[in-house]
Each structure stands twice: as C-alpha cells, then as structure tokens.
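Here is the structure we will look at.
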There are 4 protein chains.
Amino acid sequence: MVTEPSSRRPLRADAERNRAAIIEAATEVLAEQGSAVDVREIAQRSGVGMGTLYRHFPTKDDLLGTVLDREFTAWAGAARQAADTTDDPRDALEGFYEHALATQAYHRAVVEAYGDTWSGPAPDCTRLLYPVLDDLRARAQDAGVLRADVTTGDLALLLATLSHTVQLVAGSTGVWRRQLRIALDGLGVLDGPPLPTS
Amino acid sequence: MVTEPSSRRPLRADAERNRAAIIEAATEVLAEQGSAVDVREIAQRSGVGMGTLYRHFPTKDDLLGTVLDREFTAWAGAARQAADTTDDPRDALEGFYEHALATQAYHRAVVEAYGDTWSGPAPDCTRLLYPVLDDLRARAQDAGVLRADVTTGDLALLLATLSHTVQLVAGSTGVWRRQLRIALDGLGVLDGPPLPTS
Amino acid sequence: MVTEPSSRRPLRADAERNRAAIIEAATEVLAEQGSAVDVREIAQRSGVGMGTLYRHFPTKDDLLGTVLDREFTAWAGAARQAADTTDDPRDALEGFYEHALATQAYHRAVVEAYGDTWSGPAPDCTRLLYPVLDDLRARAQDAGVLRADVTTGDLALLLATLSHTVQLVAGSTGVWRRQLRIALDGLGVLDGPPLPTS
Amino acid sequence: MVTEPSSRRPLRADAERNRAAIIEAATEVLAEQGSAVDVREIAQRSGVGMGTLYRHFPTKDDLLGTVLDREFTAWAGAARQAADTTDDPRDALEGFYEHALATQAYHRAVVEAYGDTWSGPAPDCTRLLYPVLDDLRARAQDAGVLRADVTTGDLALLLATLSHTVQLVAGSTGVWRRQLRIALDGLGVLDGPPLPTS
DNA sequence: GATGAATGAGCGTTCATTCAT
DNA sequence: AATGAATGAACGCTCATTCAT
C-alpha cells in the first residue's frame, strides 16, 4: 500500500532527493488546491521536469495515491498511538477528533479522498482509520460514555464531514471546534431517541 | 443581489422565455453535477444557443449566481413559512434541518455555494437563511431546548456540515439521518462543557 | 460510413467552409505524412483553431476516418465506373490497377489504412474496393485472361503492396509501372505452377 | 559504412560485450516492432543503461544503422552463397526470393530500411544485395528464363514489394507465397508487352 | 566506462468565452 | 435578439537525448 523507499531497491541519492522533493511539493500543492492541480505545477514546485515526475510516478493517480497513502498512514499511526496512550475512553475519542481535525483536515486532497469512501469504491488508503475508530468506539461504549447504537461507520462519517467543515472555515480553529463539541456531546447522549436505522 | 427581470428593462416575450428555460435547465444540471458542469450542457438542455446563454448571463458565474439566488430565496421562504407555522420550538428547529437536508442538500451546487459562505467573500445570496435560523435559535433557546451558547452562526455551519454529509452518502437517507440525530442531540445538551470561543 | 454534409442538418456557410477546409488540409497532410501527423498541423493548415477542428471531428480518428472514407469512396466510385465502361476484361483489370496506383497510391494514409486490412480488424472503409475487384476478377477469369486460381483477395493484396511500392519510389512513375507490368503478366500466366494454397 | 570494432580503437572486453548485447537486443526488438521502438526497451533487453547505449551509439539512428548493416551483410552473404551453389539459374532466382522472404522479411526494421532505398538518400548498407541480384539476373537472362528487359533495379524493387507483402499478412506464409508465385511467373513471361521505360 | 535519472518539447484532447452569421 | 461555430490556453502523458553519479 505504501511505497516507502525502504521497500524497494535503494535509489540513487539524487533520485531519492527528487522523489522526496516531488512528494513534498505534491503534498503541499494537493493540500492547498486539492486533487485537481496541474501536474506541471507539482513538477515546477519540486524543481524537476515532467519526465522526472513521471518516471517516479507513472500516472498522476499514482502520485496522488502515494501522497495520500503517506498522509493516511501517518495520520492513522499518530491516532493509534494517541489512543493507546490515553486511558480515559472519552478523552481518547475526543482527542482523536481533535487531533485529526487539527492536523489533517487542512489537507484538501486528503479530505476529498476520505470523502470518496462513501461514494463509489473506497480508496483503500482511507481504510487505515477504521481499526482505530473501531477500537475507540468499543472502549467508549464499554465505558458508557458513547451512545450504544453508534457504529464505527457513524464515527468515520462524522470525521469526514467535520474534516470538510474545517476546510470550509479554513483556519478558524475556534469555529470548527464548536461544531466538534456539539457532535461529541451528541455522541454522549445516552437517553435520547434512538438513531434511525440505515 | 438578484438579477430578476423586474429590475431591468422588460425583455421581449421570447427572451423572457429563453431566460426562464436557461435558469430551469441550469438548476437541474447544477443540482445533478455541481458547479463544474460544462456550460454547453446547460445550453443544450435549455434548448438555446451559447450566444443566447451568454447574452443573458455574461459569465458562467453570473448564471450560477442567479440560479443559486433563486434556490436560496425559495429555500429560505419555505423554511420561514415552516418555522412560522410550527409552534413547538424544538420541532421547528428539527423540522428545519430535516426539511433542508431532505430537499436542498441534494442540490450539489447549492451545497457547494453554501459552503463557500465561510471561506472568502460570502456569496450573499446565502445570507437569506440567517434570519430564519436566528429566529429558530432564539425561540429554542428561550424554550430551553437549545444550549445557550450556540450562535446562529453555529447553526448555519452545522447546516453546511450536514448538507455535505448528505452529498457524501448520496441519497442514503438512513445514513445521514443518524448524523442529524447526533447533531440535534448535541444541540440539546444543556449541561455539557461550554462551546469553545471562536 | 461516409459523413457527407448532405446526410446531416446543413451547416452554416462558414462552418461548412471550415469543415471543408479541415478535410482538405487533413487530406493533404495525411497524404504527405501519413496518419502520424500532429493534429495541430492540420488545424494550422486549415486556418482554424484546435477547438474548431475538434468540434467537427471529436477525435483524431474521426477525422482520419472521414478523410479516408471520402478517399476510398471516390476511389471505388471511379474504379467502378471505369470497370463498367471498359468492355475488354483484361483492359478493365489493367486499367483498374493503373488508375488506382496513379491516383491513390500517393496518399500515405490511404495506403496505410488499406494495408491494415490484412493485419487486425479491417477498417471498413477499405471494403468498398472488394466488390469492384471481385467483378473484375470474375470477368477476367471467364474470359480466360486471368489464371483461374487467383482470388479476389489475391488481387486486393497485390493492390496494397503495389500501392506501397508507389510510395517507395515516390513519384517515379516509370519505375512502379514496370512492377505493375510484371505482376499483371504473372496474373495472366495460365499454364504455370498452381498458386500455393493459403 | 559499417562500424565494426575492427575499424576503431579496441574496446575493453566488457565494453565489447555490452556493445554486442546492445546489438543483439536491438536486432530482436527492431525485428519485432520496427524502427519506432522506444530506445528504453532496447536498453532494458540488453541489460545495459541508457548511457552505455548512447556511448556506443550516439543516436538512435546510429544504432539502427549498425544493426541494419549487420543484417544486410549477413543476408547478402547467405544469398551470395546460395546463388553460387545453385546451378539452375531459375532455381537460383526463385530460391533467392523464397529465402529472402522466409527469413528477412519478418524483420520489420530491415524491410522498412530496405524500402527507404528508393526514396531519399539510399542507406547504403542495402546496396550489398545489388551484386547478388545482378548476378542472378544475368544468369537467368542468359538462360532465357527471365524476360530480357528486366533490370537488377526491378528485381531489387520487387524484393521490397514482396517483403512488404510479408509484413502486411504477418506470418501467413500461404498468403504471400501466392504473391511470390505470381511475381515469379510474371518475370518469366518472355513474349508479353515490354516493360515501360523508367 | 557504466549507470539510469533528468529533461522538455510535443502529443491528443477539453471547455469558458467570443463573435460572425 | 438568437444562434452555434470558433478560439486557444491548459490538461495528462511520452520519449529521444543528456548528464550527474
């Protein structure tokens, strides 16, 4: 899933540098503008020619996939670790959303890709988050701090939409945090009407 | 704000008919495909030529603006009326979201435009909803069924968030209704932690 | 098969002119350089922009197909007529090759397309020539001026390869006419060894 | 004409090996796909890097030229020998074509290059065949089994024509042998109309 | 000397907008 | 006033050749 340099024949130093530069530039540009960017802009920002870019990534989608894989992997890793080191289930769940929105939700392409999980075939890089969310959900429900009829899917979708919200208010941390608070409080309501069946 | 015929020199009857046809077709197409549609498709579906379309709307954005104005106006009107005829403040608020999501959230361009309210210069057509939301909020807070620190802006952004949810799950009513329930329950929590300041 | 203006809604005069200009330029360029030309060159030589070219012909292949259809249709038509007005079967056959090579074989793309008949799926525009050849063959064999075991397919292939030969010697009429003479004489040998079975 | 190592400063053993590997791979690939191949494929199949390839052959054309030189030399050599060991002039001539078509005509690049002999500056490697053909022609005409007005040039061009036939029908031996038979019979016609003057 | 990564002009194609008819 | 044809910059991608390692 991930194309880490360590898993392939080591590249020449300059090639490695270029590959890294491309990924870095692409990550930046994709974060800023989403997946609809011109490949030329990525090439220019990396300081490489088109050919070099296409040597490392045979299609635009490959580049996109690589960047997103990295982002999601890093994201899921950090989330996993945070969850494992937080004892209180409620704090763990809230911390997860807080961290996810504060760090990843500014990346337009990541959020786009994550949103695509619900329409059409899910880009499998996005699946990394499910186990983490599933664990958080189970712990919170066991502890009675999360309504019992909430599913992992609900939590995942909530993440997707709140991520989008973060993009909408681009940078106004205080604004989206209020939405998060409302949602989290809603998740903690145990005696309300049951969630409709999907 | 609105480019209604009433505010300009009256058009010839056929011009008026064309204008209406363009708006109708554009509304349809923009609902289905969002604002990224090819202008040609709008022209074709309206049965007019490109020149006619561009005579009425000098820019794709002008057409978009006009269509969205109409949609938001109609939407806000219906919402206003629903709010006025519903006595129970909680029902009024919940009914507003339910109706909004069930009817308008399927309109891709409307949701896109509404989301843009928070980033960059707000397309002012979207402001029509504010008075309605403001009223709903005030009534609900007065009745003690809505947390006191929620602002109209929060409710407006929640609408954007949930609208996006509807788009993501494209038509799976059961799925987004669960998110709506969670959010509404969150809004009703009176004794939770205060919303962060924005 | 053929996209003659007469078979569609009449185009505006200027569009018709442009369409004709494109076809003419394409015919020229394709004749000179074969099917591997840059579409931009065709557009430039026609004096139209890329968009215009692609409005008339949605893909390069469509343009190619249209040009080749026209060429093959004209070719087959002339050949048919020549065959019908020549009484002597031998003269008819020889006249066919003579005319085909003298007029069409200079068109690189036509010859390429015709050659493709034998490898892969035959571009159906090339099929127009078969009935003509079949008739010529039958008449010549009935008259005893063509070896009995020659098939229409043999004659078609001979045409393809002699066309290629004409391209090879680009313009040296006298040179390819000698090859044609040899082939025609070979076709007239009635008492030689039988043709191998294919 | 030929870039044989013997005519230059002797190369290091490994360089020699690389050169040979490149030529071998190129020969294979050019035979299969013609001169339009990607240079990368040749490099890959030879197991050398692009730099090495370009060190030995400064241009794709240089490599092509070298490969074709070798092919034509080998071809002409074999043909020469076959001609010398066949007593019957007719058999010698027919054997030449039969062998040429059965062995060399499957080599796409060879046939392409041979065809270029007639248009533009003749790649002189192809001239090697002339003496052989000239000899075959003289013997056959002396023996009265070949029409008197056929020139060596005619025979050479006939070879190009028939080679192309083999390519068109890609491997269908039975099909091109029929064309060969027709041509050979045409060459044997002594009382037909004279060949046109070129 | 060998390697293979880097280059960049060029390919087929699209679409918001303009303008001749 | 209406039409729809024309425009051309921009897109994703390829490949002969060069040059840093």
Side-chain angles (χ1 to χ4, degrees), chain A residues 9 11-19 22 36-43 46-63, chain B residues 11-19 36-44 47-61 63, chain C residues 9 11-19 22 36-43 46-63, chain D residues 11-15 18-19 36-44 47-61 63:
Chain A
R9 182 150 62 85
L11 294 174
R12 264 166 40 179
D14 58 342
E16 197 55 73
R17 222 178 308 124
N18 273 331
R19 188 187 160 86
I22 292 167
V37 264
D38 190 334
V39 234
R40 280 164 183 80
E41 177 158 355
I42 299 178
S46 343
V48 305
M50 292 294 300
T52 305
L53 194 155
Y54 272 88
R55 154 178 282 275
H56 288 286
F57 306 97
T59 64
K60 187 188 180 183
D61 273 358
D62 287 327
L63 173 53
Chain B
L11 296 171
R12 271 172 28 185
D14 58 341
E16 197 53 69
R17 224 179 305 123
N18 275 336
R19 190 185 158 84
V37 265
D38 192 329
V39 195
R40 277 165 187 70
E41 181 157 354
I42 300 177
Q44 255 165 30
V48 306
M50 293 290 294
T52 306
L53 193 155
Y54 270 86
R55 159 173 296 275
H56 286 288
F57 307 96
T59 286
K60 190 186 181 183
D61 273 357
L63 173 53
Chain C
R9 183 149 62 85
L11 296 173
R12 263 165 41 180
D14 58 342
E16 196 55 71
R17 223 180 305 124
N18 272 330
R19 187 186 161 87
I22 292 167
V37 264
D38 190 335
V39 234
R40 280 163 183 80
E41 177 158 355
I42 299 178
S46 343
V48 305
M50 292 295 301
T52 305
L53 194 155
Y54 272 86
R55 154 176 284 274
H56 287 287
F57 306 96
T59 64
K60 187 187 180 183
D61 272 358
D62 286 327
L63 173 53
Chain D
L11 296 172
R12 272 173 26 186
D14 58 341
N18 274 337
R19 189 187 160 84
V37 265
D38 192 328
V39 195
R40 276 164 188 72
E41 181 156 354
I42 299 177
Q44 256 165 29
V48 306
M50 293 291 293
T52 306
L53 193 154
Y54 270 86
R55 161 172 294 276
H56 286 289
F57 307 96
T59 287
K60 189 186 183 185
D61 273 358
L63 172 53

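Below, chains carry the letters A, B, ... as their sequence lines are ordered, and counting in each starts from 1.
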request  = Work out which heavy atom in A:Ala15 is nearest to a heavy atom in A:His56; give both atom names and the distance.
outcome  = O-CE1, 3.6 Å
A:Leu53 CG to F:dC13 P, straight-line distance once rounded to whole Å = 10 Å
query = Which whole-number value in Å describes the distance from D:Arg19 CZ to E:dA2 P?
reply = 12 Å
key: Results of salt bridge (Lys or Arg N to Asp or Glu O under 4.0 Å) for D:Asp14 - residues two or more places apart only   = D:Arg12
ask   = What distance separates D:Leu53 CG from D:Gln44 CD, expressed to the nearest 0.5 Å?
value = 11.5 Å
key: Nucleotide F:dA2, atom P - distance to CZ of B:Arg55 in whole Å   = 6 Å
ask   = Can you name the residues that form a side-chain contact (heavy atoms from CB on, under 4.5 Å) with D:Glu41, not counting sequence neighbours?
value = D:Val29, D:Gln33, D:Arg45
Phosphate-side-chain proximity, B:Asn18 and F:dA1, N/O vs OP1/OP2 below 4.0 Å = no
key: Side chain A:Ser46, main chain A:Ile42, donor-acceptor under 3.5 Å   = yes
note = Protein heavy-atom contacts under 4.0 Å, written 5' to 3' over nucleotides 14-21 of chain F as B (base), S (sugar-phosphate only) or - (none), form the string BBBBBBBS
message = Can you measure A:Ile42 atom CD1 to F:dA10 atom P for me and round it to whole angstrom units?
response = 17 Å
key: Nucleotide E:dT13, atom P - distance to CG of C:Leu63 in whole Å   = 10 Å
request  = Please identify each residue that fulfils salt bridge (Lys or Arg N to Asp or Glu O under 4.0 Å) with D:Asp38, with sequence neighbours left out.
outcome  = D:Arg40
inquiry  = So that I can compare with my own list, what are the stems of DNA chain E, taken as at least three consecutive Watson-Crick or G-U pairs with distances under 3.5 Å?
reply    = E:2-21 with F:2-21
task = Mind checking side-chain hydrogen bond (donor to acceptor under 3.5 Å, both in side chains) for C:Thr59 and listing every partner two or more places apart, or none if nothing turns up?
result = C:Asp62
ask   = Are the side chain of C:Lys60 and the backbone of C:Tyr54 linked by a donor-acceptor contact shorter than 3.5 Å?
value = no
